[in-house]
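Here's the structure we're looking at; comments come further down.
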Amino acid sequence: MAIDLKNELNDKQYLAAAQLNGPLLIIAGAGSGKTRMITFRIAHMLDSGIHQSNILALTFTNKAAKEMAERVKTLTNKKLTNLTVSTFHAFGVKLLKESISNLGYKENFSIYDQTDKISAIKEAARELNISPDVLDIYEVSNLFSSIKTNREKWTDTNNSFKPLYDEYQEYLFNHNSVDFDDLIILPVKIFTKFPDILKGYQLKYQYIMVDEFQDTSLAQYKLIKQLAQENRNVCVVGDDDQSIYSWRGANYQNIINFETDFPELTEIKLEQNYRSTENILAAANSLISNNTNRKEKQLWTGIGHGKSIEIYYPENESREADFISEMIKSFHLKENLKYHDFGVLIRTNNLSTLIENSFLAENIPYKVSGGQSFFQRKEIKDIIAYLRILNNPDDDINFLRILNMPRRGLGKATLLKIREIAKEKDCSLHAAATELRWTGDSPLSDKIKSSLQEFIDLIAEYKEMLEEEDSNKTKIIKDLIETINYWGFLIIEHQKNEKLAKWKYKNISIFIELFEKWEKKPDNKGKDLGTYLNRITLMTRAEDEEGDNGQVNLMTIHASKGLEFEYVFLAGVEKNIIPHARSIEENPDNIEEERRLFYVAITRAKQKLFMTSCKTRKIRFEIVDTGPSPFLEEIPKELIKFHTPLEDVEGDEALDYFEQMKSKFN
DNA sequence: GTAAGGCCCGTTTTT
DNA sequence: CGGGCCTTAC
């Protein structure tokens, strides 16, 4: 049964969804039904006889990809197992799995995340006898990223880092590892070097869609361009006003590049907002009009004025947190809103702690997204490090992590010996360690030698088990964790805090459960460990929360992109927080991006927007006077109602509250 | 040579 | 408050 596009979409959306051939640029304002349009467009392709395997849809986050795939499946009522809806990075992994051998890497390559990357740079620095403390490693890491993705060139001021960069690159290659930038840049390289490979992919992906186009980087754009330049059936959807990832290389100049590279394009603007009330939209429009560099658009809504925007100035950050909890509680009761109808947005992750505590104290169910990923937690990374070594023994960064964890007497001196061999033989640490344990005139004591032997054997044994056909990997991993006695290790590490040890161990069981779920899924039958490892490196958090209904959503503004909530609380609307002091310090021009960020935050709200701005705030261990964010002045006063403060909590009531909090945490 | 305890500092946003 | 790094104790 074909879908009646005309009936389901407004005129502009219809135009966008109906035109399948040729380049299409869609400027889609906040809340303009972009996802709906894309979903229908894909369904329309399928209706028109385009085969699912010829369609490629690229999104920005795993969450968006998952959601889009779900929505298309629901709409068409088809399984669509060969439809590619993926993030850029996950797509990069797929391409590399299929073709990285052309560049001399092996297929079981490891992906280094930010932390691994920093360790790798430190290792490279060691090779060159550069002491790590003379480097601002964070800055170096950013520079390397810019160089790799062509955002920056070597200049007289920065070329002193070039030897280190080259060493880092060599390090990655020698250890069969790639970093996040490589996931995009290496496919581009392969396509440039091997036109036949590119041809193959052009033949496969004849219809390409890109969501959140304003947040694509130059490198990502190159990749799209390569794939699309023959067929030219490429549809990009974006909103320059919502470009908030420039620090990661996003460049909304890409919209202009697209116009140049595909001059025959059709441009469509989606300007009807289906999400927010007039008040909210007016505030957003007024704010964003202060930006100079933007495409003019007239967002409008038919929803009506709605409730006014409210601002509240709490004394300090705990009052802010309590205010948010109380409001949510009372709306939940009085207005029959579900907890998941609330979004609480913050500029930085560290603002979440107090709000979380308050939710806990008030028994408000909530979930945090963004921030530190589940898979980045130390205890999880430890276990993953073992799995990575089992998958790719040459992965030195993870070898270093597990060599003496749990403690097995293999410390600095032993490592130094291993390093010597590795340098001499030009091999990985694992290979060097394997060698060292045999050497007759080994410089190691018998005790250490046997410890090393045990360690190497452990790796070999489990590697073999995992590689067996039809192996029960979950069981093997459980067994491994027991064999290394990770629990014992946690107890020793946290002697004074058994609770913490237990909590960490609990996380490990959760990890095992997640893995088991993955292993049992029919789609994953016969897939190797490497596939799983690569997948989770790209995941922001344990995106498994099936029951994500009935929970308040607490997240950074960045993480809220693409989402919407009935009621939105925007916390910490203070100067130095938004716009963030560091961002302005870096470059005063960043004010426009910070404004867009604020714009994104406001436009998440459907019915009601609250903003809170503390008078004082504890930063580290100091209480500092803050003040309202300058952006508040860019919102017309008549749209705002100033919230009367809650009555001060009386003495004994406060005490009572304190006791409550205490009992929650003890 | 290895392990434990003291000391210092704190990365804005994330695939 | 918590994690990484360095010094001191075995």
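Lettering follows sequence order; numbering is per chain, from 1. Model, not experiment: these values are computed from the prediction.
When heavy atoms are screened at a 4.0 angstrom cut-off, A/F88 is found touching no nucleic acid atom at all. When heavy atoms are screened at a 4.0 angstrom cut-off, A/E586 is found touching base atoms of the nucleic acid.
Contacts of A/E634 classified as salt bridge (Lys or Arg N to Asp or Glu O under 4.0 Å), with partners at least two apart in sequence or in another chain: A/R595. With sequence neighbours excluded, the residues that form a side chain to side chain contact (heavy atoms under 4.5 Å, CB included) with A/W247 are A/Y245, A/H558, A/E593. Contacts of A/H580 classified as ring-ring contact (aromatic ring centres under 6.0 Å, His included), with partners at least two apart in sequence or in another chain: none. A search for ring-ring contact (aromatic ring centres under 6.0 Å, His included) contacts involving A/Y505 returns A/W487, not counting sequence neighbours. The ring-ring contact (aromatic ring centres under 6.0 Å, His included) search around A/Y201 returns A/F191, not counting sequence neighbours. Applying the ring-ring contact (aromatic ring centres under 6.0 Å, His included) test to A/Y168 and every residue at least two apart in sequence or in another chain returns A/F144.
The CG-P distance, from A/L452 to B/dG1, rounds to 14 Å in whole Å. Remark: P of B/dT15 and CG of A/L218 are 21 Å apart, rounded to the nearest angstrom. As a whole-Å value, the separation of A/I619 CD1 from C/dC1 C1' is 16 Å. The CD atom of A/E212 sits 15 Å away from the P atom of B/dT14 (whole-angstrom rounding). One can place CZ of A/R377 at 14 Å from P of C/dG2, the figure rounded to the nearest angstrom. The CG-P distance, from A/N350 to C/dC1, rounds to 16 Å in whole Å. Here B/dT13 presents its P atom at 15 Å from CZ of A/F60, a figure rounded to the nearest Å. Distance, A/K381 NZ to C/dG4 P: 11 Å, rounded to whole Å.
Between A/F489 and A/Y486, the gap from one ring centroid to the other is short of 6.0 Å.
Between A/T414 and B/dG1 there is no side-chain N or O to OP1 or OP2 distance below 4.0 Å. Under 4.0 angstrom from either OP1 or OP2 of C/dC1 there lies no side-chain N or O belonging to A/K618.
The salt bridge (Lys or Arg N to Asp or Glu O under 4.0 Å) pairs that include a residue from residues 581-592 of chain A number zero, where partners must be two or more places apart or lie in different chains.
The aromatic rings of A/Y532 and A/F515 sit perpendicular, their planes meeting at an angle over 60°, well past the 30° parallel limit.
Projected onto DNA chain B by closest heavy-atom contact, A/S583 and A/I448 fall at different nucleotides, the more 5' of which corresponds to A/I448.
The main-chain N or O of A/L563 is found under 3.5 Å from a side-chain atom of A/R604 such that the two form a donor-acceptor pair.
The side chain of A/H89 lies closest to B/dT15 when the candidates are C/dG4, B/dG1, B/dT15. Nearest nucleotide to the side chain of A/T556, out of B/dT14, B/dG1, B/dT12: B/dT14.
In this structure, A/W247 counts as stacked on the base of B/dT13 under the 5.5 Å centre distance and 30° plane angle limits.
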Pairs under 3.5 Å (N/O, protein and nucleotides 8-10 of chain C):
none

Next item on the list: Would you mind building the protein contact string for nucleotides 3-11 of chain B? One character per nucleotide, 5' to 3', B for base within reach (heavy atoms under 4.0 Å), S for sugar-phosphate only, - for untouched.
Entry: SS-----BB
